[in-house]
J.: 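There's a structure below that I have some questions on.
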Amino acid sequence: MTSASNARDLRAELDSLTTEAFRPELAEIDQLPTLDIARLMNGEDTSVPAAVASRLPQIAAAIDAIADRMALGGRLVYAGAGTAGRLGVLDASECPPTFNTDPTQVVGLIAGGPAAMVTSVEGAEDSKELARADLDALALTATDTVVGISASGRTPYAIGAVEHARARGALTIGLSCNPDSALAAAAEHGVEIVVGPELLTGSTRLKAGTAQKLVLNMLSTITMIRLGKTYGNLMVDVRASNDKLRARSRRIVALATGADDADIERALTEAGGEVKTAILILLGDVDGPTAARLLEETGGHLRTALAAAT
């Protein structure tokens, strides 16, 4: 097949995608006052949460499946190209400071590697082989989960990642913003957030990107809740790696226990700075080694450890 015919086929494919549709009513947007353009963009963005809401059952089913695998020691791996890949890397990079996860527990893969975070890597998104190589470098197992992310739902890198992961027995999720996408079809769990055409034709970093960010927030955050990384709505596994987070750690212990500053400092010192352990020391009236043992025995679930302590 010639490059010209390839180009024609790709153009026809793009013409069929909702995310690529042209909106003639916005053809003169560049002639509008700035405030009017801002109002248009803001109005567009208000439609995204409703599109996500319509897919909550599928999202919840995917989260439960992820949590089951991660409870067995599996990893959560995001794979995408361009904006979608960057969003996956962003979500993965936020998990260690927020939930004290090991950096290898939630991983973001972007087509073209780390350099693609800031510059375009020519042809990387078109390679299923590259996705397979990136996953093979992780020594993928059946307890892992791979989430392919692609606004169009046709990106070869994302589809290749899902296909390869599924062949390895891993859980697979396909997150796209077009209906009946190849990515969703390739995955066990297809999540299609259909946000419609963009304000700027084909600029899927806009509504599609926002939708993907909202879903990724849910996948990681609710999975971590299911894994016992929170106590109520408190981030009790937060890693105190700077002054702000150390202050937040003390505040979290205070909110969870109602203890005074002196007792909080004592408990955090005895717990080696671990917020969850300090809370168990105070609420369970146990010493540091006992609190650490109870948390280990209960898989880090603070409520279960508290029940065992009392």
Side-chain angles (χ1 to χ4, degrees), residues 10-30 32 36-63 66 78-92 94 108 110-111 120 125 146-159 161-162 172-223:
L10 179 56
R11 179 176 175 179
E13 189 175 355
L14 292 177
D15 285 344
S16 70
L17 299 176
T18 302
T19 49
E20 297 287 334
F22 173 66
R23 299 172 63 181
E25 76 275 17
L26 297 176
E28 296 187 5
I29 190 174
D30 57 329
L32 296 176
D36 287 351
I37 300 174
R39 284 176 175 146
L40 278 171
M41 286 194 70
N42 182 240
E44 291 284 302
D45 290 341
T46 61
S47 68
V48 176
V52 174
S54 70
R55 295 295 183 266
L56 289 179
Q58 292 93 329
I59 294 169
I63 291 168
I66 294 169
Y78 297 129
T83 297
R86 294 180 189 103
L87 289 170
V89 172
L90 172 63
D91 197 76
E94 294 288 355
I110 182 170
S120 176
E125 73 170 54
V146 172
V147 182
I149 314 167
S150 166
S152 68
R154 59 155 298 278
T155 305
Y157 182 89
I159 296 171
V162 164
T172 54
I173 297 162
L175 173 58
S176 75
C177 294
N178 277 290
D180 305 316
S181 67
L183 178 59
E188 292 168 73
H189 293 264
V191 179
E192 296 174 324
I193 313 297
V194 182
V195 294
E198 299 286 4
L199 186 86
L200 299 181
T201 305
S203 182
T204 52
R205 71 183 184 88
L206 301 178
K207 287 190 299 185
T210 300
Q212 290 167 348
K213 179 67 167 67
L214 293 177
V215 175
L216 294 178
N217 284 348
M218 290 182 181
L219 294 184
S220 57
T221 302
I222 303 175
T223 293

J.: Looking at L214 and V48, what are the two nearest heavy atoms and their distance?
T.: CD1-CG1, 3.8 Å

J.: Would you find more than 12 non-hydrogen atoms of other residues, nucleotides or ligands less than 6.0 Å from R205 atom CZ?
T.: no

J.: To the closest 0.5 Å, what do you measure between CG (L183) and CD1 (I149)?
T.: 9.0 Å

J.: Show, in sequence, the C-alpha distance, side-chain angles and deciding distance for R39 and D36, and conclude whether the side chain to side chain contact (heavy atoms under 4.5 Å, CB included) test is met.
T.: CA-CA 5 Å; R39 284 176 175 146; D36 287 351; 3.7 Å; yes

J.: When E198 is tested against each of R23, K207, E44 for side-chain contact (heavy atoms from CB on, under 4.5 Å), which residue passes?
T.: K207

J.: Calculate, to the nearest 0.5 Å, the distance between atoms CD1 and CG belonging to I37 and L32 respectively.
T.: 5.5 Å

J.: Would you call R154-E20 a salt bridge at under 4.0 Å N-O?
T.: no

J.: CG/L40 to CG/N42 distance, rounded to the nearest 0.5 angstrom?
T.: 9.5 Å

J.: Taking all non-hydrogen atoms of both residues into account, name the closest pair between A158 and S150 and its distance.
T.: CB-CB, 4.1 Å

J.: Where do A186 and T172 come nearest, in terms of heavy atoms and distance?
T.: O-OG1, 4.4 Å

J.: Out of curiosity, I193 CD1 to T19 OG1, how far, rounded to the nearest 0.5 Å?
T.: 13.5 Å

J.: Any non-hydrogen side-chain atom of T18 less than 4.5 Å from a side-chain atom of P179?
T.: yes

J.: Taking the side chain from S54 and the backbone from A51, do they hold a donor-acceptor pair closer than 3.5 Å?
T.: yes

J.: Assess whether side chain to side chain contact (heavy atoms under 4.5 Å, CB included) is satisfied between M218 and V52, documenting all intermediate values.
T.: CA-CA 10 Å; M218 290 182 181; V52 174; 4.0 Å; yes

J.: Walk me through it: do D91 and L87 pass the test side chain to side chain contact (heavy atoms under 4.5 Å, CB included)?
T.: CA-CA 6 Å; D91 197 76; L87 289 170; over 6 Å; no

J.: Donor-acceptor pair, Q58 side chain versus H189 backbone, under 3.5 Å?
T.: no

J.: K213 and L216: side chain to side chain contact (heavy atoms under 4.5 Å, CB included), yes or no, with the steps?
T.: CA-CA 5 Å; K213 179 67 167 67; L216 294 178; 5.5 Å; no

J.: Rounded to the nearest 0.5 Å, what separation is found between the CG atom of L206 and the CG atom of D45?
T.: 7.5 Å

J.: Nearest 0.5 Å, what's the CG-OG distance between L175 and S181?
T.: 9.0 Å

J.: Taking all non-hydrogen atoms of both residues into account, name the closest pair between F22 and A27 and its distance.
T.: CZ-CB, 4.2 Å

J.: Would you indicate whether the side-chain heavy atoms of Q212 and V215 approach each other to under 4.5 Å?
T.: no

J.: Heavy atoms only: give me the nearest A182-I159 pair and the separation to one decimal.
T.: CB-CD1, 3.8 Å

J.: Which heavy atom of Y78 sits nearest a heavy atom of L219, and at what distance?
T.: OH-CB, 4.1 Å

